[in-house]
Amino acid sequence: MTDRTLRILFAARDDKWDEYRPYLTRALSETGLEADLSRDHPAEEVDYIVHAPNGGLSDFSGFPRLRAVLSLWAGVEDIVGNDTLEVPLTRMVDPGLTEGMVEYVTGHVLRHHLGMDAQIHGLDGEWTGAAPPLARDRKVTILGLGALGAACADALSRLNFDVAGWSRSPKDLDGIATHHGEDGLAAALGHGEITVLLLPLTRATEGIVDAGRLALMPKGAVLLNPGRGGLVDEAALLDALGTGQIAHATLDTFRTEPLPKDHPFWTHPRVTVTPHIASATRAPSASRAIVDNIARAERGQALENVVDRSAGY
Ligand code: NDP
């Protein structure tokens, strides 16, 4: 524990400062950390940086006291390769963010599982249709079983969905058929009538959902992508939608954001665009997570959720 007041630099957008400042201040005081939180500490005095990539700070050289950079975002693809960053980088794991993602994924899986669109768009006076299958007879795959993917898998499994998941390292999750590594991917893809992408964007996952992988999904599968746009080969997805290999894609993330006005996804009858709103970091719980992590470091404990710079997430 240092004997001087900690200097914490908040390096995110102006509106985030207004949103986070009261919660960070309260969390710091509750934790008993003597800290000065500011947007403009002199670089040579800064101990920790609370960071978002769109906040304007991308050169981390010239911060001689810097001990860690704590990202407000769960996805760190914009900062992980930054050569000027020589201290540990943590990514955001926030109970509020996780809760929001569970709600988004569960809602959109239920939409497709229950075939809600038929009723929402109207039956035109035709008293037809069959009851949907039970969730226990619906196969869902989650690619990525980290903070978000594992929580979504668990929530869907509690609703009785037949859930499989895929990650880099082996996992043992109650009620989930887990697969891992290159060898496990085909089995995971072959399972999902509905597949959810919750992988980080890294060198290994860029374009992972390409024509070959789309072809491994069951005919007429539904794809949900709240992960990152770069996971998907967009042209291959449009082809697969055209042949009916993919029945519907609900996309929250895109290679270019905002999605350009003339992009075919906007008007495609079997694509649902949501504007990167699947879930957001929530200031009250995220501030607590950040301050708890700084307090750990100050007690000499290891930081949590440290990014593996070589793996890229
Ligand atoms: P985590 O880092 O906790 O989890 C990532 C998961 O992906 C882990 O299970 C990891 O495997 C797996 N994975 C990574 N690389 C590979 C690979 N090459 N092969 C197989 N599996 C791999 O991330 P989060 O769950 O917190 O977040 C996931 C992503 O969600 C974020 O990176 C971000 O892009 C996106 N996101 C989107 C939001 C939105 O609003 N649309 C909001 C927040 C996040 P292992 O467990 O073995 O490490």
Side-chain angles (χ1 to χ4, degrees), residues 52-54 70-81 89-108 141-155 163-173 176-189 192 195-210 213 223-232 249-255 257-259 272-283 285-286 289 293 303-313:
N54 58 1
L70 301 105
S71 173
L72 284 177
W73 292 9
V76 290
E77 67 275 11
D78 291 336
I79 182 177
V80 73
L89 167 68
T90 65
R91 61 193 190 79
M92 178 51 67
V93 176
D94 160 31
L97 175 75
T98 304
E99 218 175 299
M101 188 59 83
V102 166
E103 292 177 16
Y104 177 93
V105 167
T106 307
H108 285 275
T141 288
I142 316 260
L143 300 189
L145 292 173
L148 301 177
C152 292
D154 180 57
V163 184
W166 183 68
S167 53
R168 198 160 63 107
S169 56
K171 294 262 182 291
D172 184 9
L173 300 175
I176 315 294
T178 53
H179 304 273
H180 69 277
E182 199 48 46
D183 296 346
L185 182 54
L189 289 171
T195 288
V196 184
L197 306 183
L198 278 169
L199 292 162
L201 183 60
T202 67
R203 273 195 302 275
T205 63
E206 152 68 36
I208 192 164
V209 179
D210 60 9
R213 265 65 180 256
L223 183 70
L224 309 188
N225 185 15
R228 280 292 181 267
L231 301 171
V232 176
T250 293
L251 307 173
D252 186 58
T253 55
F254 304 90
R255 285 184 176 261
E257 294 182 7
L259 186 64
T272 300
V273 171
T274 62
H276 203 140
I277 46 73
S279 189
T281 304
R282 314 285 157 157
S285 47
N293 225 357
L303 285 162
E304 290 186 324
N305 309 312
V306 174
V307 172
D308 174 344
R309 305 282 296 275
S310 60
Y313 70 101

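What you see is a predicted model, and the numbers here were worked out from it, not measured in a lab. Atoms within a ligand are numbered from 1 in the order they appear, just like the ligands themselves.
- For the ligand labelled ligand 1, residue V93 lies outside the 4.0 Å heavy-atom shell.
- E206 has no carboxylate O lying under 4.0 Å from a charged side-chain N of R228, or vice versa, which leaves the two without a salt bridge.
- For a threshold of 3.5 Å applied to N or O pairs, the pair formed by A147 and ligand 1 contains at least one separation below that value.
- Residue, atom and distance of the protein heavy atom nearest to atom 28 (C) of ligand 1 are L198 O, 3.5 Å.
- Against a heavy-atom cut-off of under 4.0 Å, D252 is close to the following atoms of ligand 1: 39 (C), 40 (O), 41 (N).
- From the protein, the heavy atom lying nearest to atom 36 (N) of ligand 1 is R228 NH1, 3.7 Å.
- Taking distance alone, with nitrogen or oxygen atoms compared against 3.5 Å, P226 approaches ligand 1 more closely than that limit.
- The nearest protein atom to atom 8 (C) of ligand 1, hydrogens excluded, is given as G146 N, 3.6 Å; this is a heavy-atom distance.
- Judged purely by atom type and a 3.5 angstrom limit, R91 has no side-chain atom pairing as donor or acceptor with the backbone of V307.
- At least one heavy atom of R91 sits closer than 4.0 Å to an atom of ligand 1.
- Residue contact check for ligand 1: M101 places a non-hydrogen atom closer than 4.0 Å to it.
- A salt bridge links R213 to E182: one of the charged nitrogens lies within less than 4.0 Å of a carboxylate oxygen.
- Side chain of D252 to main chain of N225: no donor-acceptor pair is present (N/O by atom type, distance under 3.5 Å, no hydrogens or angles).
- Side-chain contact, S285 with D94: a donor N or O sits under 3.5 Å from an acceptor N or O.
- Taking atom 7 (O) of ligand 1 as the reference point, the nearest protein heavy-atom neighbour is P200 CD, 3.3 Å.
- The shortest non-hydrogen separation linking L89 to S71 is CD1-CB, 4.4 Å.
- For atom 40 (O) of ligand 1, the closest non-hydrogen atom on the protein side is S279 O, 2.8 Å.
- Among all heavy-atom pairs drawn from V102 and A155, the shortest one is CG1-CB, 3.5 Å.
- Among the atoms of T253, none of the N or O lies under 3.5 angstrom from an N or O of ligand 1.
- Judged purely by distance below 3.5 Å, without hydrogens or angles, the side chains of Y104 and T274 pair a donor atom with an acceptor atom.
- K171 counts as a contact of ligand 1, since one of its heavy atoms falls under 4.0 Å from the ligand.
- Evaluated by nearest non-hydrogen atom to atom 18 (N) of ligand 1, the leading choice among A151, A150, A204 is A204.
- With E77, H276, H179, E206 as candidates, the residue nearest to atom 39 (C) of ligand 1 on a non-hydrogen basis is H276.
- Of the listed residues (L201, L231, L148, T178), the one carrying the non-hydrogen atom nearest atom 27 (O) of ligand 1 is L148.
- Among the atoms of W166, none of the N or O lies under 3.5 angstrom from an N or O of ligand 1.
- Side chain of T106 to backbone of E103: no donor-acceptor contact under 3.5 angstrom is found.
- Short contacts between ligand 1 and A74, defined as distances under 4.0 Å to a heavy atom of the residue, involve ligand atoms 43 (C), 44 (C).
- At least one heavy atom of L145 lies less than 4.0 angstrom from ligand 1.
- Under the 3.5 Å distance criterion, the side-chain polar atoms of T281 are left unmatched by any main-chain donor or acceptor of A286.
- Side-chain atoms of W166 and L189, non-hydrogen and from C-beta on, never get closer than 4.5 Å to each other.
- Judged by the shortest distance from any of its heavy atoms, L199 lies inside the 4.0 Å radius around the atoms of ligand 1.
- Across the listed options G181, G227, G75, C152, G227 owns the non-hydrogen atom lying nearest to atom 35 (C) of ligand 1.
- Between S169 and ligand 1, a contact under 3.5 Å exists for at least one N or O pair.
- Between T202 and ligand 1, a contact under 3.5 Å exists for no N or O pair.
- Between A153 and L145, the shortest heavy-atom contact is CB-CD2, 4.2 Å.
- Residue T141 comes nearest to L143 through the heavy atom pair CG2-CD2, 3.7 Å, listed as atom of the first residue, atom of the second, then distance.
- Nearest heavy-atom pair, L97 versus S279, reported as atom, atom and distance to 0.1 Å: O-OG, 2.7 Å.
- When all heavy atoms are compared, the tightest approach of I176 to D154 is CD1-N, 4.3 Å.
- Using a 4.0 Å cut-off to heavy atoms of G144, the atoms of ligand 1 that qualify are 6 (C), 7 (O), 9 (O).
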Let me see the working for S169 and H180 under side chain to side chain contact (heavy atoms under 4.5 Å, CB included), right down to the final yes or no. CA-CA 6 Å; S169 56; H180 69 277; 5.9 Å; no
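- Residue-level proximity to ligand 1 for S167 is carried by backbone and side chain together, each with a heavy atom below 4.0 angstrom.
- Note: an N/O pair closer than 3.5 Å links Y313 and ligand 1 by distance alone.
- Contacts with ligand 1 closer than 4.0 Å are made by heavy atoms of both the backbone and the side chain of R168.
- Inclusion of L97 in the set of residues having an N or O under 3.5 Å from an N or O of ligand 1 is not warranted.
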